[in-house]
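So the structure is just underneath, and the comments pick up after that.
Quick caveat: nothing in here was measured; it's all calculated off a predicted structure. Residues take their numbers from the sequence shown, with the count starting at 1. Note that ligands are numbered from 1 as they come in the structure, with each ligand's atoms numbered from 1 the same way.
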Amino acid sequence: MRQHPRTLRLLGSLLLVAMTASVTGAAPAPAASPTPLDRVVPAPASADPGGSPYRITRGTHIRVDGSRETRGVGEYLARILRPSTGYRLPVTAQGAGGIRLRIAEGPFGAEGYRLDSGRGGVTITAARPAGLFHGVQTLRQLLPAGVERDSVQPGPWLVAGGTIKDTPRYGWRGAMLDVSRHFFTVDQVKRYIDQLALYKINKLHLHLSDDQGWRIAVDSWPRLATYGGSTQVGGGPGGFYTKADYKEIVRYAGSRHLEVVPEIDMPGHTNAALASYADLNCDGVAPPLYTGTEVGFSSLCVGKEITYDFVDDVIRELAALTPGRYLHIGGDEAHSTSHEDYVTFMDRVQPVVAQYGKTVVGWHQLTGATPAPGALAQYWGLDGTSAEEKERVAKAARNGTGLILSPADRVYLDMKYTKETPLGLSWAGYVEVRRSYDWDPGAYLPGVPGDAVRGVEAPMWSETLENSRHIEYMAFPRLPGVAELGWSSAASHDWERYKVRLAAQAERWDALGIDYYRSPQVPWPAAGGR
Ligand code: TNX
């Protein structure tokens, strides 16, 4: 009997499926099964699957309400989806169905959202554009990883049916980039911003000055950038951001709903400034530029009036460039400043920040002086930090100083994963993926009231890091874990489940060209098909 050609094709594919299954020893995944709603990093507050999936097709529209910012989120989504789907995906204000971004009152807070998916469409609802933007990040992760590629992929583009309701645990979910030890270009910073946005990070802290380089143009003290920015660790050419460059970083971060927090580290970590202006030195002699990696040898001259003219000018110009609320004044490792001078300096400088309309952030040594009302302290101690130092921080927290947690032996992204890691430092120990994820910011420091903890931040110091590949290798896969600590509830914390969700991200990093460390602690999908 002659077989109908369609039956033959069907038999052929069944045979192929059976063979694949016997080769891999596993049942083949149904070709079109969409990603489950809860397979997202950071874990959403709730995910209720149900109903039919939505399929993005050639006819899909992205519908936005009238506001410019909502339209901006719609355009951002379209720019992600168009290259890989090959669809037009017009962003329109009219019509129904498709992907809808909607601003509405609701229990969303400033950054939360709700995502409803079903046969007729996907609707993301939020009170603010930032919530829509975070909802879009979730939607990305619900689509196949191929959606991240910049050439047309086969699809199908299915989003599982159901509802996600999501809102962050903390308002401060930061990442710091040290652009002083090695300089990174505007494009390199933008690339990192895009990676941070994937995981709903909302603060980009830029460490703009240190012993090895001053990286931001200051009109009233031009040599800071032109001379103080002219080298870096290892003696390379360094660089600095013009004011236009810096504004472009701020604009780009804003378009990804990140707030830039600029840091000028004082009174220590200031060799680049001291080298640029002899008058800033107590002895009136400018030291040479520095390209090594020691810390703690430099200090502004606390007893000289010109120091405060300098601080006033720098803070004024930087505040004027910064739409965000915060200005970080450093204050760490001031080993060459006496305690008395440190207190004098911080007492004088914090009001200058307030005078130019900003809120002080400082490294936690600030709690050894008197933190200004409303100031935030960034804790970077270790398990082994003395009980006395921890108590000083806890006491400040009880007195109203907010805390950002960046424990160095958990979330310093420049720490080596193991002794074999080719990049990074190890003064705080080796920090494998589990260690960076497996702690609770809300219960980390004894004696700290829960509401004093404003969030978490992952610093990336760049003594050993010279390019985007280096940054990515150290950030991935630890950064998503820190993002999850900042976003997801303590109740959802579970390494065994987290590591599976994390492993599923690797395909996405491959599609985006993000380098990462293949930690043996994470059950990565088998290589191949990449
Ligand atoms: C400590 S933590 C520093 C930085 C270094 C970093 C290297 C802190 C506030 N200061 O100056 O770059 O360690 O891991």
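Between Tyr516 and the options Trp524, Phe476, Tyr417, Tyr473, a ring pair (Phe, Tyr, Trp, His ring centres under 6.0 Å) holds for only Trp524.
Salt-bridge check for Arg469 with Glu472: failed, with every basic side-chain N at 4.0 Å or more from each acidic carboxylate O.
The ring-ring contact (aromatic ring centres under 6.0 Å, His included) test applied to Tyr326 returns Trp172, not counting sequence neighbours. Partners of Asp219 under the side chain to side chain donor-acceptor pair (under 3.5 Å) rule, at least two apart in sequence or in another chain, are Lys243. Here Asp313 pairs with Trp221, Arg316 under the side chain to side chain donor-acceptor pair (under 3.5 Å) rule; sequence neighbours left out.
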### Query
Would Gln505 and Gln141 satisfy side chain to side chain donor-acceptor pair (under 3.5 Å), going step by step from the backbone distance to the final call?
CA-CA 8 Å; Gln505 298 294 307; Gln141 292 190 27; 3.1 Å; yes
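Contact shell of ligand 1 (protein heavy atoms, cutoff 4.0 Å): Arg181, His269, Val295, Asp332, Glu333, Trp363, Trp380, Tyr412, Asp414, Met415, Leu425, Trp427, Trp461, Glu463.
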